[in-house]
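For ligands, and for the atoms within them, numbers begin at 1 and follow the listed sequence.
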Amino acid sequence: MFTIYGRANSSNVRKVLWLCGEIGLEGYERLDYGRGFAPIDSPEYAALNPNMLVPTFVEGDLVLWESNAILRYLAAKHGRQEIYPEDLAARARVDMWLDWQLTTLITGVRQLFQGLHVKDPAYTAPEQLEKAAQLAASSMEILDANLAKSGGYAAGETLTIADCALGMFVHRWYVLPIERKEFSALQAYYARLKEREPFRKWIIDQGV
Ligand SMILES: N[C@@H](CCC(=O)N[C@@H](CS)C(=O)NCC(=O)O)C(=O)O
């Protein structure tokens, strides 16, 4: 089996734990590393993950960091076809949303999280929060428009690993104390994800 280094309240760890639940992986080891737990700036941890971030995934000689790379690996190895399709066009659509989550969607939501939840003074100024809220809303608008025509999930009619990456930040956006524009397809998507037991366990129940 494998080991996941990372606290269960980290967004990027939660994505991976949610996927493990979706594909029925059990019996793996998870070690609490990161803020408030075992240090990630030790030489031992840095030897595994030079970014000194969580999650880190270890399976024998294979060491992976970057949560979306871990999602791809686990889904390709253990998942049913539809969760990370082999068809090149279908797979590219999933990859597109995975990359968009890490390069675009994360930006505004992270700034809001740092300012409103972590209360990091670098992000708490009202004008910064306003800019972050606009940035996050513009990403949610793009996702909402896609969901209105996609068939229910980010890349089509069934859940894929793109949803494991996006759903975490949709949840965070809905629970942060901000004013939100109404996005009907996005709201329906969030409600649909909440029907899934692994989403409730690893995303909802872990808080913001
Ligand atoms: N792009 C990386 C980002 C990893 C990341 O930023 N991890 C955060 C937690 S979500 C972290 O390690 N923060 C420091 C800590 O927990 O001490 C990924 O997707 O895995």
Enquirer: Tell me: protein heavy atom nearest atom 11 (C) of ligand 1, and distance?
Expert: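 Protein heavy atom at minimum distance: Leu53 CD2, 3.5 Å.
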
Enquirer: Counting only heavy atoms, tell me which of Gly6, Gly36, Ser67, Ala165 gets closest to atom 20 (O) of ligand 1.
Expert: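 Of the listed residues, Ser67 has the closest heavy atom.
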
Enquirer: Provide the number and element of each atom of ligand 1 under 4.0 Å from a heavy atom of Pro55.
Expert: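 Within the 4.0 Å cut-off of Pro55, ligand 1 contributes 20 (O).
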
Enquirer: Can a side-chain donor-acceptor contact be found between Glu59 and Tyr28 if the only test is distance below 3.5 angstrom?
Expert: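 No pair is found: no donor N or O on one side chain lies under 3.5 Å from an acceptor on the other.
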
Enquirer: Are any of the side-chain heavy atoms of Glu141 and Lys181 separated by less than 4.5 Å?
Expert: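 Of all side-chain heavy-atom pairs linking Lys181 with Glu141, at least one is under 4.5 Å.
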
Enquirer: Determine whether Tyr84 and Leu71 make a side-chain contact, defined as any pair of heavy atoms from C-beta on separated by less than 4.5 Å.
Expert: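 Answer no - side chains too far apart.
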
Enquirer: Side-chain contact test, heavy atoms from C-beta onward, threshold under 4.5 Å: evaluate it for Arg14 versus Arg7 and give yes or no.
Expert: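 Not touching, per the 4.5 Å side-chain cut-off.
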
Enquirer: Counting only nitrogen or oxygen atoms and a 3.5 angstrom limit, does Asn68 reach ligand 1?
Expert: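 Min N/O separation from ligand 1 is not below 3.5 Å for Asn68.
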
Enquirer: Please tell me whether Tyr33 and Asn49 have a donor and an acceptor in their side chains that are separated by less than 3.5 angstrom.
Expert: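 No, no side-chain donor-acceptor contact under 3.5 Å.
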
Enquirer: Regarding ligand 1, does Ile40 bring an N or O atom to under 3.5 Å of one of the ligand's N or O atoms?
Expert: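 Between Ile40 and ligand 1, no N or O pair is found under 3.5 Å apart.
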
Enquirer: Could you tell me the residue and atom name of the protein heavy atom closest to atom 7 (N) of ligand 1, and the distance to it rounded to 0.1 Å?
Expert: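 Atom 7 (N) of ligand 1 sits closest to the protein heavy atom Val54 O, 2.8 Å.
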
Enquirer: Kindly confirm or rule out an N or O of Arg7 lying under 3.5 angstrom from an N or O of ligand 1.
Expert: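 Between Arg7 and ligand 1 (N or O atoms, distance only) the closest approach is under 3.5 Å.
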
Enquirer: Counting both backbone and side chain atoms, is some N or O of Arg35 under 3.5 Å from an N or O of ligand 1?
Expert: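 Yes; the residue has a nitrogen or oxygen that sits under 3.5 Å from a nitrogen or oxygen of the ligand.
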
Enquirer: Going by distance only, is there an N or O of Glu66 that falls short of 3.5 Å from an N or O of ligand 1?
Expert: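 N/O-N/O distance under 3.5 Å: yes.
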
Enquirer: Suppose we measure from atom 3 (C) of ligand 1 to each protein heavy atom; which comes out shortest, and what is that distance?
Expert: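 I find the closest protein heavy atom is Asn12 ND2, 3.6 Å.
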
Enquirer: Do Leu25 and Phe2 make a side-chain contact, defined as non-hydrogen atoms from C-beta onward lying under 4.5 Å apart?
Expert: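 They are in side-chain contact.
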
Enquirer: Just by modelled atom types, is the Ala154 backbone N or O under 3.5 Å from a matching donor or acceptor in the Asn146 side chain?
Expert: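 Indeed, once roles are kept as given, a pair shorter than 3.5 Å links the two residues.
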
Enquirer: What's the shortest heavy-atom distance between Asp144 and Ser184, and which atoms?
Expert: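 So the minimum-distance heavy-atom pair works out to OD1-N, 3.6 Å.
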
Enquirer: Go through ligand 1 atom by atom and flag the ones less than 4.0 Å from a non-hydrogen atom of Ser11.
Expert: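 So the atoms of ligand 1 that pass are 10 (S).
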
